[in-house]
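Any value given below was found using the heavy atoms of this structure, including those in side chains, with hydrogens, waters and symmetry copies removed. Below, chain A is the first sequence line, B the second, and so on; all start at residue 1. Please read these numbers as outputs of a predicted model, since none were measured by experiment.
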Amino acid sequence: MRNQQQQITRTEYNPSEIESRWMTQWEKDKQNRSVIDRSKPKHYALTMLPYPSGELHIGHWYAMAPSDARARFMRMNGYNVLFPMGFDAFGLPAENAAIKRQVHPKTWTYANIERMRQQLKMMGTMFDWEREAVTSDPEYYKWTQWLFLKFFENDLAYKKLSPVDFCPSCNTTLAREQVVGEDRVCERCGTPVIKKELDQWFFRITKYADELLEFDHFRWPEKVMTMQDNWIGRSEGAYVTFYTEDGDPIEIFTTRPDTLWGATFMVLAPEHPLTLKVTSAEQHDAVHDYIDEAGRKSEIDRTAEGKEKSGVFTGGYAINPVNDERIPIWIADYVLMGYGTGAIMAVPAHDERDFEFARKYGLKIIPVRQPEGVELNGDTMPEAFLEDGVMVNSGPFDGTFSGSEKGLKNPGIKAVIEYVEEKGVGRLGINYRLRDWLISRQRYWGAPIPIVYCEQCGMQPVPYDQLPVELPEDVEFMPTGESPLRSHAGFLNTTCPACDGPATRETDTMDTFMCSSWYQYRYLSPHYDGGPFDPVEAAYWLPVDQYTGGIEHATMHLLYTRFFSKAMRDCGIFDPTVEVMKEQGATDEDIEILFYEPMLALVNQGMILGEPQEGHTVVVEGTFVDHKLIADRVTVINSYADADDVASNGGDRVVGEVIKRTDNTITIETPHRDVVAEVHDGTTFEVPGFGPTAGLQQIKYRLGIEKMSKSKGNVVAPDEQVALYGADTVRAYLMFAFRWEKGGPWDSEGIKGVVRWINDVWEIVTDGPPDVSIDTSKTDRDLARQTHLGILRVTDSLREFSFNTAVAGLMELKNAVQRAENVSAEAWRNAVETMLLLMAPVTPFISEELWHRLGHEDSVHLQSWPVYDESIAAADEVTLVIQVNGKVRDRINVPAGISEEDARAAAMESEVVQRHLQGREPKKVIYIAERAMINIVG
RNA sequence: GGGGGAGUGGCGGAAUUGGCAGACGCGCAUGACUUAGGAUCAUGUGGAGAAAUCCGUGUGGGUUCGAGUCCCACCUUCCCCA
C-alpha cells in the first residue's frame with residue numbers, strides 16, 4: 001500500500017514543462033557560472049567545439065551530453081569545474097552557403113550560432129555561457145592574428161613558394177591531411193585534387209617533431225598516440241654522399257646505412273638537378289622521353305605499390321664511397337624530388353622495390369646480410385632478404401649482427417653511421433614524414449593574415465596596436481581561385497607601417513585549424529583585451545584536465561594544438577601566467593605541469609550511425625518498357641496480404657519491398673527478380689499519413705547501418721526526440737545504448753527502456769514512501785545495502801567514462817527501490833535521495849525536479865556526491881560457489897566472512913560435490929575468500 | 001603491404017582485470033487488465049534435454065586448480081597509413 005496523502009499530489013511526468021522551468025531557474029541562479037575558487041581543486045573539462053553548421057545533430061549530443069555528465073560528476077565530487085562551449089565559426093561551408101543562397105557568410109554563421117546555442121541549452125548542459133568564445137568574432141581573431149605575429153617574430157611562421165594540393169571544386173588549397181584516399185580527393189567534396197604552385201604561409205611544426213613524439217606527460221588513448229607517432233614518422237638513418245665520375249656530389253638519405261656495401265646502383269628522381277648532367281649522349285633521347293612521361297603522372301601513379309616500376313639508365317656512373325665500386329645511375333619515377341633528397345642508393349638484396357627493379361633491368365644484386373649458416377646468392381635469391389642476419393661482403397663489418405630493426409638501436413646501423421662519419425662521407429640523419437603546416441587559404445571567411453607588402457620596405461607585419469585586421473563585409477565571394485579579398489580595394493590597399501607609403505595587404509586567410517588550436521585558452525577570458533587570455537584565470541584553470549572529442553581529429557587538430565602550446569611557451573606567452581602562479585606560491589612542479597601538454601587526459605567517443613530500416617512494401621502500377629516499369633501509381637501497403645486491396649487499373653503491376661531509390665527510380669524486390677520502376681511527373685504516390693503531398697521522397701527504402709546523412713533519410717533529429725521523450729531521456733539513452741568509445745546505430749526501439757526507467761523513477765518518488773507498520777529492520781538494511789552497491793557501481797562507472805554501466809547501475813538501484821515494499825519511510829527516503837543524487841549528472845532535469853519535490857530548497861547539482869560505505873554494503877550471508885575440478889557444481893548460503901576450514905567443511909558436505917568426487921579424496925582445495933568461491937580438485 | 005582495434009545470446013552490451021559468463025536494457029514468449037494494444041503489470045528467456053546433466057565467449061593449440069580475460073598460430077571484420 002502506498003501512502004494515501006502522497007498519492008493525491010501525484011502528477012504525470014511532463015518533461016517539457018520541467019525542463020524549460022529548470023533551464024530558466026539555473027540561468028537565473030547562475031548555477032553554471034564558474035569562477036576562480038582557490039579553496040577547491042579545479043577541473044577544466046573541455047569538449048570539442050562545434051562548427052555552426054545550422055542544426056545541432058545527434059552526434060553533437062552524443063559527444064557533449066556524456067561529457068557534461070562527467071563534468072557534473074566532478075563538480076559533485078568537490079571540484080570547481082569549468083566546462084565551456086563555443087563555436088569554430090570560420091570556414092568554407094559559410095561561403096558555400098553564401099554562394100548557394102545569397103546570404104552573407106556572417107549572417108548565415110551567426111544565425112546558426114544563435115539557433116545552436118538554444119539547442120545546446122535544451123540539452124541541459126552545465127556550460128558556462130559567460131565564457132563562450134566564437135572564433136569569427138573580431139575580439140577572438142584579433143588574438144589569432146596576434147599569435148600569428150608572435151610566431152612570425154620567432155621564426156615559426158614563414159612564407160615559401162610551394163606546390164600545394166588544390167581542390168578545383170572548392171577552389172581552395174588544401175592541407176596535406178585534407179586530401180584523402182587512394183584517389184587523392186578533397187576531404188570535403190570528393191573532387192580529385194590538382195597541383196598548383198603558390199606563395200604560401202607555413203608554421204614550422206617540424207621544429208617540434210621530437211617534442212611532439214614525447215607522450216609521457218598525459219593520459220591519451222594509445223591509439224591517438226600511435227597515430228601521431230606514425231604521422232610524425234621519425235626515422236633514424238644516415239645522409240651519405242656519393243660522387244659521380246665527374247665529381248658531382250649526390251647526397252642520399254637511407255634508413256639502412258648498414259647495407260651500403262650492397263648498393264649496386266643509384267636512382268635519381270627524373271626532376272633531380274643532376275639528371276641531365278650525368279646522362280650520356282647515347283642515353284640522351286631515352287632519358288628525355290622518360291622525364292616528359294613522368295611529368296604527366298600523378299604522385300600516386302608513380303609510387304603506388306603493386307604498380308610496375310619503370311626506369312631508364314642515364315649512362316652515367318657514381319662511386320660507392322665505402323667500397324669504391326663503380327655503380328650505374330638510373331632515373332625512375334618512383335623516386336620523388338619532394339621526398340628526402342630526390343636520390344636513393346639502391347640495395348636490391350635487401351629492399352623489395354629495389355629488388356624488383358634490379359631483376360627487371362638485370363642489375364647486379366649483392367647480399368650484404370644473411371642468416372647465420374646460410375649463404376645467399378644474389379643471382380638466385382627469389383626475393384629481397386629483410387630478416388635479421390649477419391653482415392657480409394661489407395669490408396670491416398663482416399660478421400656484425402644487424403637485425404631487421406631500424407634506427408640506432410640496431411648495432412649494425414649504429415656502427416656504420418659512426419664509420420661513415422669518421423670517413424667523412426656521411427653523417428647521422430633524422431628524417432620526418434611530418435611537413436610544415438600550411439596555413440594559407442585563398443578564401444574569405446577566415447582570419448586575415450596580418451601582413452602587408454610595401455614596394456619600399458617589403459613584407460611588414462601589421463603592428464600589434466592595429467589589430468585586428470578586420471574582415472570587410474562588403475565583398476564579392478564567388479569562387480575565382482583567388483581570395484575574394486584580393487578584389488576588395490578597401491581591404492587590399494593600405495599604408496606601410498614602416499614608411500607610410502602605399503602598400504597592399506596579404507589576402508590569404510588562415511586555416512581554421514589555427515583558430516581551434518588555442519580556443520581552450522580564450523575560453524578562460526573571452527573578452528579580455530590585455531592578451532589572448534587573462535593570466536590570472538590561466539594560472540588557476542590551466543591546463544585542460546579532461547578533453548573529449550572525436551577520433552577523427554587525432555592527427556590534425558590534436559597535433560596542431562599541442563604544437564601551439566609548445567610554440568606559445570617558446571614565444572613567452574605564458575610568462576605572465578607563470579608570474580601570477582609564483583605570486584600565489586605555486587611550486588616549480590605546479591608550473592611545470594602548465595607546460596607539459598595542453599590537455600592532460602583525452603577520451604574519444606565513437607559515432608552514432610543511422611538506424612537500419614526496411615523498405616516500404618509497395619504496389620507499383622504502370623507499363624513495362626523492356627524491363628523497366630514506367631510507374632503511374634505507387635501505393636505503400638502494410639503487407640503483401642494487403643496488395644489485393646489495391647484496385648487494379650488493368651496495367652502492369654509489381655508488388656514488393658523497395659530496396660533502392662534514386663532521383664527518379666525505385667527498385668522493388670519481388671520473389672522473382674528486382675524490378676526497376678521509373679517515375680514521371682504524372683506518377684501519383686499513396687503513402688499513409690502523407691495525403692496528396694506524397695512523393696518519391698516519402699518512399700522508404702531498405703537501409704543498412706550507415707552514417708547518417710540527409711540524402712539517405714536516416715538522420716535522427718535531437719529536437720524531435722526531445723519533444724517526444726524529454727532531454728533527460730535522450731541524454732540517458734545516448735549514454736546507455738553503446739560503449740561510448742564505440743558508438744553504433746540509433747535504435748528507436750531501444751530508447752523505450754530508458755523511457756520506462758525514467759517513468760518508473762517519477763512514479764516511485766511522486767508516490768512517496770510505502771505505508772508500513774511491521775518490523776522493517778531487515779528490509780531497511782537490505783535496501784541500504786543495495787543503495788551503497790549502487791553508489792559504488794555508478795561512481796566507478798562515471799569515473800571511468802563507462803556511461804552505459806553507470807545507467808545500468810542506476811536502473812538496478814531503481815529496481816531495488818521499486819521492489820522494496822516493506823521499508824520504513826526513513827530508509828526509503830535515504831535510498832531515493834541517494835538515487836536522485838546519483839542520477840543528477842545523467843538526467844539533470846528530473847533529478848532536480850524530484851529533489852525539490854522531496855522538500856529540498858538547494859539544487860541537487862550543488863550537493864556532494866554520495867559516499868560509499870563498505871560496512872553498509874556488506875552482506876550478512878553470501879552464496880558460496882563450489883567447484884569440483886574447476887566446474888561449478890553447487891551453491892550454498894553461508895555466513896559472510898566464513899573461515900576457509902568452515903567453507904571447506906560445508907562444501908564437502910554437499911551431496912553434489914560427493915557425487916562428482918566419486919569417493920576420491922581432494923588433492924587440493926583452493927579457496928578464494930573475496931569471491932566466496934571454493935574449488936575442490938580431486 | 002604496414003600499424004592498431006574488435007569478434008560474447010535474436011540485438012545493444014556487462015563481466016570487479018585470471019575466479020559463478022550473459023548484469024542492465026531491447027526484442028521475444030506466456031499470462032493479467034482491456035472495445036483495442038505499438039499502453040501498463042506479472043512471469044520466463046544462451047543452446048540441447050522430461051530430468052540428472054551436457055554444450056557454450058570467431059577457430060585450433062597451450063599455460064593454470066581455474067581462461068571471455070594470459071601465450072602461440074589461424075580466420076573474419078573495422079579503422080588509420082601507404
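- Within 4.0 Å (heavy atoms only), A/Asn804 reaches sugar-phosphate atoms of the nucleic acid but no base atom.
- Put simply, A/Arg889 has a side-chain N or O that comes within less than 4.0 Å of OP1 or OP2 on B/C54.
- Within the 4.0 Å cut-off from OP1 or OP2 of B/U17, at least one side-chain nitrogen or oxygen of A/Arg931 is found.
- With both ends at atom P, the span from B/C80 to B/A73 equals 27 Å, rounded to whole Å.
- Within the structure, every side-chain polar atom (N or O) of A/Asn885 is placed at least 4.0 Å from both OP1 and OP2 of B/G66.
- One interatomic measurement links the two molecules: CG of A/Asn604 to P of B/G5, which rounds to 15 Å at whole-angstrom precision.
- Phosphate contact (OP1/OP2 of B/C65, side-chain N/O of A/Lys924, threshold under 4.0 Å): present.
- Contact annotation for A/Glu930: no contact, since no heavy-atom pair falls under 4.0 Å across all strands.
- A close approach under 4.0 Å does occur between a side-chain nitrogen or oxygen of A/Asn815 and OP1 or OP2 of B/G25.
- Using the Watson-Crick or G-U wobble rule with both distances under 3.5 Å, B/G46 pairs with B/C55.
- Around the CD atom of A/Glu930, the shell of radius 6.0 Å holds more than 12 heavy atoms that belong to other residues, nucleotides or ligands.
- Base orientation of B/U34: anti, since the glycosidic angle falls outside 90° of 0.
- Where A/His916 and A/Gly886 meet RNA chain B, the nucleotide closest to each residue was compared, and A/His916 sits on the side nearer the 5' end.
- Side-chain N or O atoms of A/Ser910 include one that pairs as donor or acceptor with a backbone N or O of A/Val913 at under 3.5 Å.
- Checking side-chain atoms of A/Arg731 against main-chain N and O of A/Pro841 turns up a donor-acceptor pair under 3.5 Å.
- For B/G58, the base adopts the anti conformation, since its glycosidic angle falls more than 90 degrees from zero.
- With a 3.5 Å ceiling on both atom-pair distances, the Watson-Crick or G-U wobble partner of B/G1 is B/C81.
- Within 6.0 Å of CD on A/Glu877 lie more than 12 heavy atoms contributed by other residues, nucleotides or ligands.
- With a cut-off of 3.5 Å on both Watson-Crick or G-U wobble distances, the partner of B/C65 is given as B/G19.
- Atom P of B/U63 sits at a distance of 27 Å from the matching atom of B/G9, rounded to the whole Å.
- Following rounding to the nearest Å, A/Tyr725 (OH) and B/G38 (P) show an atom-to-atom distance of 15 Å.
- A/Glu921 has its CD atom 20 Å from the P atom of B/C65, to the nearest Å.
- One finds a side-chain N or O of A/Lys887 lying less than 4.0 angstrom from the OP1 or OP2 phosphate oxygen of B/C55.
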Go through the steps to decide whether A/Phe215 and A/Trp220 satisfy the test ring-ring contact (aromatic ring centres under 6.0 Å, His included), and finish with yes or no.
-> CA-CA 8 Å; A/Phe215 300 108; A/Trp220 277 23; 7.7 Å; no

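- Pair check for B/G7 finds B/C75; Watson-Crick or G-U wobble, both atom distances under 3.5 Å.
- B/G44 sits 24 Å from B/C54 when the P atoms are compared, rounded to a whole Å.
- Going from the P atom of B/C79 to that of B/G13 covers 16 Å, rounded to whole Å.
- Ring centroid separation for the pair A/Tyr733 and A/Trp746 comes in under the 6.0 Å cut-off.
- Rounded to whole Å, the distance from CD1 on A/Ile926 to P on B/A67 is 12 Å.
- Classified by interplanar angle (parallel below 30°, tilted 30° to 60°, perpendicular above 60°), the ring pair A/Tyr868/A/His788 is tilted.
- Across all strands shown, A/Lys742 has heavy atoms under 4.0 Å from sugar-phosphate atoms exclusively, and none from any base.
- Ranked by how close their nearest RNA chain B nucleotide is to the 5' end, A/Thr805 and A/Phe736 are led by A/Thr805.
- A 3.5 Å limit on both hydrogen-bonding distances identifies no Watson-Crick or G-U partner for B/G38.
- Not one side-chain nitrogen or oxygen of A/Arg756 sits closer than 4.0 Å to the OP1 or OP2 atom of B/C41.
- Between A/Pro866 and A/Leu838, the closest heavy-atom pair is CG-CD2, 3.8 Å.
- The nearest whole Å value for the distance from the CG atom in A/Asn759 to the C1' atom in B/C41 is 14 Å.
- Residue contacts for A/Arg739: at a heavy-atom cut-off of 4.0 Å it reaches the sugar-phosphate backbone alone, with no base atom in range.
- Of the candidate nucleotides B/C79, B/C65, B/G12, B/G12 has the atom lying nearest to any side-chain atom of A/Phe738.
- A/Met933 comes within 4.0 angstrom of a nucleotide base, judged by non-hydrogen atoms across all strands.
- Here B/A23 presents its C1' atom at 6 Å from CZ of A/Arg793, a figure rounded to the nearest Å.
- In the set B/G27, B/A14, B/G25, the nucleotide with an atom closest to the side chain of A/Met811 is B/G25.
- For B/G46 and B/C70, the C1' atoms lie 26 Å apart once the distance is rounded to whole Å.
- When the P atom of B/C80 is taken as reference, atom CG of A/Leu558 falls 15 Å away, rounded to whole Å.
- Nucleotide B/C26 holds its P atom 15 Å from the CH2 atom of A/Trp746, rounded to whole Å.
- Between B/A23, B/A21, B/C81, one nucleotide has an atom nearer to the side chain of A/Val888 than all others, and that is B/A21.
- A/Val881 comes within 4.0 angstrom of a nucleotide base, judged by non-hydrogen atoms across all strands.
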